[in-house]
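Inspection log for the structure reproduced underneath, given as structure tokens.
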Amino acid sequence: MALVDCWKQLSWFYNQYLLVTALYMLEPWERTVFNILFVSYSLLISVAGMAVYTGYVFMPQHIMAILHYFEVLQ
Amino acid sequence: MARTADGDLKPQLYKNGVKCRDTRGNLCHKRKEKNGPGTGFASRQSSQESFEQAPMYVAVMTYLGFGLVTLFGYFRDFLRAVGLEKCHVAQEREEQKDFVPLYQDFENFYTRNLYMRVRDNWNRPICSLPGPVFDLMERVSDDYNWTFRFTGKTIHNVINMGSYNYLGFGENNADFLTTVADKVQQYGAGVCSSRQEIGNLHIHEELEELVASFLGVESSMSFGMGFATNSMNIPALVGKGCLILSDELNHTSLILGARLSGASIRVFKHNNMNSLEKLLKEAVCSGQPRTHRPWKKILIMVEGIYSMEGSVVRLPDIIALKKKYKAYLYLDEAHSIGAVGPSGRGVTELFNVNPADVDVMMGTFTKSFGAAGGYIAGKKELVDYLRNHSHSAVYASAMAPAVTEQIIRAMKCIMGKDGMTEGIRRIRQLAENTRYFRAKLKEMGFIIYGNDDSPVVPVLLYMPGKVVAFSREMLKRKIGVVVVGFPATPITEARARFCVSAAHTRDMLNQVLQHLNEVGDSLCLKFSRRKYSPRTDLYEETDFELDS
């Protein structure tokens with residue numbers, strides 16, 4: 001039951017997204033093109049960017065901890 | 001502070017010093033207490049106009065939305081040019097490809113790429129009388145609105161919120177239409193001539209006398225088409241060497257008439273008296289552009305109610321300005337005649353202004369009278385001049401007898417000449433419906449433009465996707481609305497325009513309001529940031545003018 005409500009809420013949000021960005025006026029294949037090219041592209045870029053930055057910040061500590069664990073470094 | 005017509009600036013004091021507010025507003029409270037034209041109360045109350053601005057994100061998203069659809073428009077145009085997609089628009093034949101192009105591809109970019117996608121919301125075929133409810137033919141499109149086909153079904157009893165049927169005279173009740181049927185039997189359906197040649201029927205003269213007595217002027221003349229009344233008569237009144245000062249938001253017919261006349265045109269900001277006064281001062285001081293000779297005539301063109309905004313003209317202020325600078329006034333009462341004023345006589349009655357102060361009064365019979373055509377009224381010399389010099393009078397076909405009789409019977413009904421109170425009942429019903437509808441919409445949180453008295457209610461929708469979704473949703477719920485978008489309105493201010501009618505019952509309005517509420521919630525259309533309490537104010541202003 002909660003899943004159905006969740007699905008309804010999500011589809012309402014998707015509908016609002018379509019209306020506000022005027023994708024509502026475009027044909028279905030154009031919406032797919034936009035979603036894959038621009039939206040997914042921008043989401044991918046942001047996720048990938050965040051992963052790289054986090055790696056840059058935390059990677060040295062993680063590598064030191066692993067080397068300590070395997071008793072390569074003292 | 002608004003200046004009254006005779007230049008008096010004193011505010012109006014009432015019997016016990018405290019202003020009593022008549023919630024119905026239009027029922028002559030101000031008439032009983034008037035002691036001159038243009039009292040302070042009338043002009044203060046009638047200038048409650050609001051043009052609330054939407055939050056900033058709305059404008060940003062509207063531009064983004066248009067930008068996105070434009071990008072896709074370019075993409076589709078490219079596909080059509082390359083040949084990957086079938087081109088539905090007109091194209092030259094193969095043999096003519098090297099000639100000068102006949103069809104300019106880019107000019108109708110907007111039509112091809114934005115309007116065509118969503119044009120199922122306009123030009124919907126109606127198959128019944130456009131009364132308070134009507135029937136629509138259902139049509140579907142298989143190729144995204146390039147072509148339509150009818151399914152054969154009719155959608156019955158759709159509530160009509162788009163027809164200009166303000167007083168409900170668009171009706172087919174046989175009892176009311178007996179005189180019209182008699183005239184068709186007597187005169188036939190057509191006139192077969194222009195007014196000047198041999199098409200001047202006695203019934204036309206009867207109509208003109210009636211219009212003149214309705215408006216309180218010396219004489220009037222009627223024409224077969226409302227648009228042509230403006231566009232063909234302004235060239236007869238002004239010419240080269242004259243100056244036209246026209247409001248920013250004037251109708252296309254006024255603009256066309258002004259351009260055809262050859263006069264110089266200057267535009268002042270909508271309903272803005274400072275802008276108009278600045279232009280008048282400059283015109284009187286500097287005269288014509290190169291020679292600096294005085295202008296032959298200065299004509300101020302305004303409308304009674306502006307149909308896209310629902311705002312009412314500031315008539316007492318304009319008349320004061322016109323008298324000060326010795327200009328002429330042309331008032332187009334297309335939407336306001338019959339619809340405002342305690343007895344339906346238009347904005348001159350709403351503001352308690354002497355009709356003789358307005359030089360040229362123009363109006364149409366299409367909106368409140370349920371017929372077709374227009375009139376120009378004023379002094380006898382003016383109208384006699386127009387009879388001979390107007391293109392519409394000399395060349396256009398005269399008004400059909402059935403239509404003329406419909407106007408006569410509607411006007412007699414409004415004036416009460418047929419002995420019944422039906423006319424005044426309709427006017428009061430319209431005023432009540434207008435106030436109720438506007439108050440409820442504001443309470444719900446929609447942004448509404450315009451004056452509280454005007455039966456034209458624009459509800460702002462802003463984003464192009466929402467405009468289209470709104471129209472389709474309302475049709476699913478059996479309510480017919482008119483939505484207006486870019487070329488007719490500014491690009492960020494798309495709206496749905498509701499026309500309240502005296503024929504709507506309280507039930508119908510409640511139904512419409514309920515559906516509007518639901519659609520407004522599901523599409524997030526309630527942009528207003530004001531808070532309205534359901535109880536009305538006890539007094540209109542926050543400071544009282546008490547007797548000492």
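In what follows, chains are A, B, ... by sequence order, proteins preceding strands, each numbered from 1.
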(message) Is it the case that over 12 heavy atoms from other parts of the model lie below 6.0 angstrom from the CG atom of A:Leu37?
(response) yes
(message) Among residues at least two apart in sequence or on other chains, which ones pass ring-ring contact (aromatic ring centres under 6.0 Å, His included) with B:Phe134?
(response) none
(message) Does any backbone or side-chain atom of B:Leu523 lie under 4.5 Å from a heavy atom of chain A? Answer side chain, backbone, both or neither.
(response) both
(request) Residue by residue, scan residues 152-159 of chain B and write down, ordered by number, those that have a heavy-atom distance under 4.5 Å to chain A; if none do, write 'none'. (result) none
(request) List the atom of A:Met25, the atom of B:Pro464, and the distance in Å for their closest heavy-atom pair. (result) SD-CB, 3.7 Å
(message) With rounding to the nearest 0.5 angstrom, report the CG to CG distance, B:Leu461 to A:Leu19.
(response) 11.0 Å
Below 3.5 Å only, please: all the donor-acceptor pairs between chain B and chain A, one per line.
unit_1, atom_1, unit_2, atom_2, d
B:Arg76, NH1, A:Glu27, OE2, 3.2
B:Arg76, NH1, A:Glu30, OE2, 2.5
B:Arg76, NH2, A:Glu27, OE2, 3.2
B:Arg117, NH1, A:Glu30, OE1, 2.9
B:Arg117, NH2, A:Glu30, OE2, 3.3
B:Ser522, O, A:Trp12, NE1, 3.2
B:Ser522, O, A:Gln16, NE2, 2.9

(request) Could you look at B:Met61 and say if it's the side chain, the backbone, both or neither that has a heavy atom under 4.5 Å from chain A? (result) both
(message) Would you say CD of B:Gln53 has more than 12 non-hydrogen atoms from neighbouring residues, nucleotides or ligands within 6.0 angstrom?
(response) no
(message) Which atoms of A:Phe38 are under 4.5 Å from chain B, going by heavy atoms: the side chain, the backbone, both sets, or neither?
(response) neither
(message) According to side-chain contact (heavy atoms from CB on, under 4.5 Å), who are the partners of B:Ser311, at least two apart in sequence or on a separate chain?
(response) B:Glu49, B:Phe51, B:His270, B:Asn271, B:Tyr306, B:Glu309
